[in-house]
Each structure stands twice: as structure tokens, then as C-alpha cells.
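Written below as C-alpha cells is the structure these notes are about.
In what follows, chains are A, B, ... by sequence order, proteins preceding strands, each numbered from 1.
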Number of protein chains: 2
Amino acid sequence: MGNDFYNILKTLKLKATPKRIAIMEILADEPTYLSPDEIRSRLKGRFKNIGLPTVYRNLEELADSGIIIKIIHPDRKLYYFYCHNREHHHHFVCVQCRKVEDINFCGMEEIKNEVEKNLKAHMVSHMLQVYGFCKDCLKKQTISL
Amino acid sequence: MGNDFYNILKTLKLKATPKRIAIMEILADEPTYLSPDEIRSRLKGRFKNIGLPTVYRNLEELADSGIIIKIIHPDRKLYYFYCHNREHHHHFVCVQCRKVEDINFCGMEEIKNEVEKNLKAHMVSHMLQVYGFCKDCLKKQTISL
DNA sequence: TATCTAAATAGAAATGTTTTTTATTTAAAA
DNA sequence: TTTTAAATAAAAAACATTTCTATTTAGATA
Ligand SMILES: [Mn+2]
Ligand SMILES: [Mn+2]
Ligand SMILES: [Zn+2]
Ligand SMILES: [Zn+2]
């Protein structure tokens with residue numbers, strides 16, 4: 001039965017509203033990251049009325065709960081992506097076609113060690129993201145490196 | 001003579017305007033990251049007229065040239081910081097007092113390997129940032145971890 | 001199944017950072 | 001000095017994101 005978003009939302013103690021489920025379905029079907037407004041456009045095909053604040057609020061909640069991820073983009077806008085990999089990992093983001101791919105290297109141990117032993121600080125979170133051109137975009141030869 | 005910002009700007013092929021130099025001096029004197037508007041407030045003490053677009057433009061140019069760094073903050077606002085360390089490195093950012101400290105671990109080799117060998121992609125840039133509470137803020141005991 | 005309540009929502013309005021525009025000024029090269 | 005491209009101030013605009021509030025709804029409970 002594929003992705004059981006209803007039960008995922010239950011587990012997260014969020015009401016399984018049709019719009020919330022639709023947002024997850026849309027993201028899970030999409031191989032690229034999407035902006036809140038693009039997500040709303042897709043929702044318009046399924047719902048007569050849909051408010052942009054609802055989209056923003058749900059995306060924030062779902063990202064906070066960890067079921068979707070927020071892409072930190074150089075253009076400083078918000079983008080979201082559904083990642084099936086439930087392990088801690090990071091992402092390679094293609095700045096041309098918006099593809100997102102897993103990076104299984106993190107270095108968290110070394111970072112944590114540096115922060116806690118050297119700086120005597122407490123690490124709350126870390127972010128690592130890699131930007132570039134993916135395999136397919138390189139093939140298309142539209143980029144001069 | 002300390003920091004020779006005039007010549008640094010010359011090297012970067014940027015005009016050494018008084019405001020540009022002042023922005024660099026302000027940042028170099030500051031142990032924390034500053035917002036564009038905070039930088040403008042400090043500039044107001046030195047210049048009668050100073051436009052916010054000028055501050056934004058200069059910060060962007062200086063960050064692009066690599067002489068100052070842009071802090072990617074969870075609050076999604078822009079912050080800038082003058083870092084004296086000219087080696088490639090990353091930062092620990094205290095979300096309470098805004099202190100910035102160097103992290104000398106990067107993992108770029110492993111990341112590059114993963115991106116180029118596994119994903120067959122081309123890496124343009126990467127960002128790594130660590131958020132937390134610094135040593136001093138931990139001492140003040142105002143945080144419950 | 002009907003009732004209830006906190007959570008979720010639409011729609012409109014506000015927010016506020018960042019960017020654009022244009023006329024003017026200035027750094028620094030010639 | 002003269003010249004010119006770069007930098008600037010000021011005002012306006014852009015525009016993504018958030019706030020507000022009345023209404024609706026999911027899902028618990030009787
Ligand atoms: Mn992933
Ligand atoms: Mn540094
Ligand atoms: Zn990690
Ligand atoms: Zn690095």
C-alpha cells in the first residue's frame with residue numbers, strides 16, 4: 001500500500017487532514033524540492049480552496065517533525081523535499097534541475113568532538129549541504145565548469 | 001597599521017570607499033555576527049547619510065569576494081562576520097550570544113569523493129554550520145539542555 | 001451515531017527584510 | 001585636472017512569509 005501517510009501523521013500526533021496528507025503525497029511523488037507556492041499550485045488541482053498560510057504552516061510542522069526536510073537554498077527561499085531515507089544523512093542539491101541526492105558522509109563525530117572538547121560548547125544542531133550539478137545535468141553539456 | 005582594508009579592497013578590485021572600509025572595520029572589531037541593520041546603526045555614528053541598500057550591496061560584495069562570511073541562521077535573516085582565519089574552515093555559531101568560533105573539521109575530501117565517485121556529479125560549493133550554545137553561555141546556566 | 005472540543009483552515013491583511021530604480025556623487029585612472 | 005565607471009542616497013517596490021480571526025473539521029467521547 002506504499003506510503004501510509006495517515007498513520008505517519010497519527011504517529012506524529014498530527015490530525016490527518018486531507019490537505020496535510022495531500023501535501024505529503026505531492027512531495028513524496030516529486031523527485032525535486034518544491035517551494036510552498038508550487039505545492040499550493042499542485043493542491044489547487046485537488047481542492048477548491050487552499051490558503052497559502054495552511055501550506056506554510058503544514059510544511060513547517062512536517063519539517064519540524066522530521067518527516068520532510070527543508071532545503072537551505074542560496075536564494076534564501078524556502079523549499080521542501082520528502083526524503084525516504086530515515087537515517088541521519090545530508091544532501092547534494094542540483095542547482096540546475098533541483099534534484100536532491102543523499103550524501104552518506106556526515107562527520108558528525110568529528111564535529112561533535114571539536115565542539116565539545118575544543119570549544120567546550122554544546123551542539124544543538126548542524127547543517128551540511130552540498131550544491132552542484134548532478135550527473136544528468138552534466139550530460140546535457142549546458143554547463144561550462 | 002593592523003588591518004589594511006584599503007589594500008585588501010584594492011586586491012579585490014573594489015573601490016576603497018570610506019563606507020566600504022568602515023563596514024570592514026566595524027565587522028573586524030566585532031566578536032559576533034551582525035545584521036545589515038545593526039551595521040547601518042554603527043555606520044550612522046560615522047556618516048551623516050548612509051543608505052541601507054549600500055550596506056546590503058557592500059556586504060554581499062564582500063562576502064562574494066570571501067573577505068567576510070555570511071552566516072546562515074535558523075531565523076533566515078542575513079548576518080555577516082569578519083573571520084581572520086584565511087584557511088578553508090567552518091563555524092560554530094552560538095544562537096544565544098552570537099559568538100562565532102572556528103571548526104577545523106570539514107570533511108570536504110570525503111564529501112567530494114561521495115559526490116564525484118558515487119553520484120557522478122560536480123560539486124560547486126558546500127556549507128557546513130554548527131549551531132549551539134558556547135562555553136560562556138553554558139556557564140551562565142540560563143539554558144536547560 | 002450524535003455531540004463536543006481542540007486543532008486546522010481560509011481569507012484578508014500586515015509584516016518587514018531585501019531589492020530595484022534613478023539621479024547624483026565620488027574614487028581613482030588617465 | 002579631466003574623465004568615467006563605480007558607488008551612493010533616497011524613495012519606492014517587491015514579495016515571501018506571518019499574523020489575525022472567524023469558521024470549519026477531525027476525531028475523541030458519550
Ligand atoms: Mn535524503
Ligand atoms: Mn572562522
Ligand atoms: Zn550530519
Ligand atoms: Zn569545508
Side-chain angles (χ1 to χ4, degrees), chain A residues 4-26 33-65 67-68 70-80 98, chain B residues 4-26 33-65 67-68 70-80 98:
Chain A
D4 188 351
F5 295 125
Y6 182 92
N7 284 318
I8 290 175
L9 289 171
K10 285 318 193 65
T11 308
L12 299 174
K13 300 214 195 309
L14 292 172
K15 278 194 187 177
T17 67
K19 284 163 187 175
R20 210 169 249 157
I21 292 170
I23 287 173
M24 299 187 72
E25 286 172 349
I26 286 165
Y33 52 88
L34 293 176
S35 71
D37 200 57
E38 288 163 343
I39 292 162
R40 186 186 56 166
S41 296
R42 284 163 171 73
L43 286 166
K44 280 224 174 115
R46 304 201 199 184
F47 301 95
K48 203 165 58 266
N49 301 316
I50 177 76
L52 202 41
T54 299
V55 179
Y56 273 89
R57 190 180 356 88
N58 277 311
L59 290 171
E60 171 113 348
E61 286 163 351
L62 293 171
D64 284 348
S65 76
I67 191 66
I68 65 174
K70 195 188 278 196
I71 301 287
I72 305 295
H73 201 279
D75 73 7
R76 310 191 5 82
K77 289 183 196 141
L78 290 170
Y79 295 97
Y80 293 91
R98 295 183 167 198
Chain B
D4 188 351
F5 295 126
Y6 182 92
N7 284 319
I8 289 175
L9 290 172
K10 285 318 194 66
T11 308
L12 299 174
K13 299 215 192 316
L14 291 172
K15 276 193 187 176
T17 67
K19 283 165 188 174
R20 210 169 248 157
I21 292 169
I23 287 173
M24 298 187 72
E25 286 173 350
I26 286 165
Y33 52 89
L34 294 176
S35 71
D37 200 55
E38 288 163 344
I39 292 163
R40 186 187 56 166
S41 296
R42 284 165 171 72
L43 286 167
K44 281 223 174 115
R46 304 202 199 185
F47 300 96
K48 203 165 59 265
N49 300 316
I50 177 75
L52 200 43
T54 299
V55 179
Y56 273 89
R57 191 183 353 90
N58 277 311
L59 290 171
E60 170 112 347
E61 286 163 352
L62 294 171
D64 284 347
S65 75
I67 190 67
I68 64 174
K70 196 189 277 195
I71 302 287
I72 305 294
H73 200 278
D75 73 7
R76 307 188 12 76
K77 289 185 195 139
L78 289 171
Y79 296 97
Y80 292 90
R98 295 184 167 198

Approximate separation, where rounding is to 0.5 Å, of A:Ile8 CD1 and A:Arg20 CZ: 13.5 Å
Min side-chain heavy-atom separation B:Asp37-B:Arg40 under 4.5 Å: yes
Interatomic distance, B:His73 NE2 vs C:dG16 P [rounded to whole Å]: 18 Å
Value rounded to 0.5 Å, distance of CG in A:Leu34 from CG in A:Leu78: 12.5 Å
Touch class at under 4.0 angstrom, heavy-atom based, for A:Asn58 against every strand present: sugar-phosphate
Interatomic distance, A:Leu9 CG vs C:dA8 C1' [rounded to whole Å]: 13 Å
Of B:Lys13 and B:Arg76, the one whose closest DNA chain D nucleotide lies more 5': B:Lys13
Nucleotide C:dT17, atom P - distance to CG of A:Asp75 in whole Å: 19 Å
Shortest non-hydrogen contact between A:Leu43 and A:Lys19, atoms and distance: CD2-O, 4.4 Å
Close side-chain approach of A:Ile67 to A:Phe5, heavy-atom, < 4.5 Å: no
Candidate list A:Arg98, A:Glu38, A:His73, test side-chain hydrogen bond (donor to acceptor under 3.5 Å, both in side chains), partner A:Tyr33, passing option: A:His73
Along DNA chain D, first and last positions that approach a heavy atom of chain B under 4.0 Å: D:dA5 to D:dT17
Minimal non-hydrogen separation, B:Pro36 against B:Leu52, with atom names: O-CD1, 4.2 Å
Pairs under 3.5 Å (N/O, protein and nucleotides 26-30 of chain C):
| from | atom 1 | to | atom 2 | distance (Å) |
| --- | --- | --- | --- | --- |
| C:dA27 | N3 | B:Lys15 | NZ | 3.4 |
| C:dA28 | OP1 | B:Ala16 | N | 2.8 |

Exercise: identify the closest heavy-atom pair between B:Ala22 and B:Phe47: CB-CE1, 3.6 Å
Least distance between heavy atoms, B:Thr54 atom then B:Ile50 atom: CG2-CD1, 4.3 Å
CD on A:Glu60 to OH on A:Tyr56, rounded to 0.5 Å: 11.0 Å
Nucleotide C:dT25, atom P - distance to NZ of B:Lys19 in whole Å: 12 Å
Gap between atom CD1 of A:Ile21 and atom CD1 of A:Ile26 - 0.5 Å precision: 12.0 Å
Integer-rounded Å distance: C:dA6 P and A:Arg20 CZ: 17 Å
Positions of residues 46-56 of chain B (non-hydrogen atom under 4.0 Å from DNA chain D), listed by number: B:Asn49, B:Ile50, B:Gly51, B:Pro53, B:Thr54
Separation of C:dT9 P from A:Ile21 CD1 (nearest whole Å): 11 Å
N or O in side chain of A:Arg57 less than 4.0 angstrom from C:dT9 OP1/OP2: yes
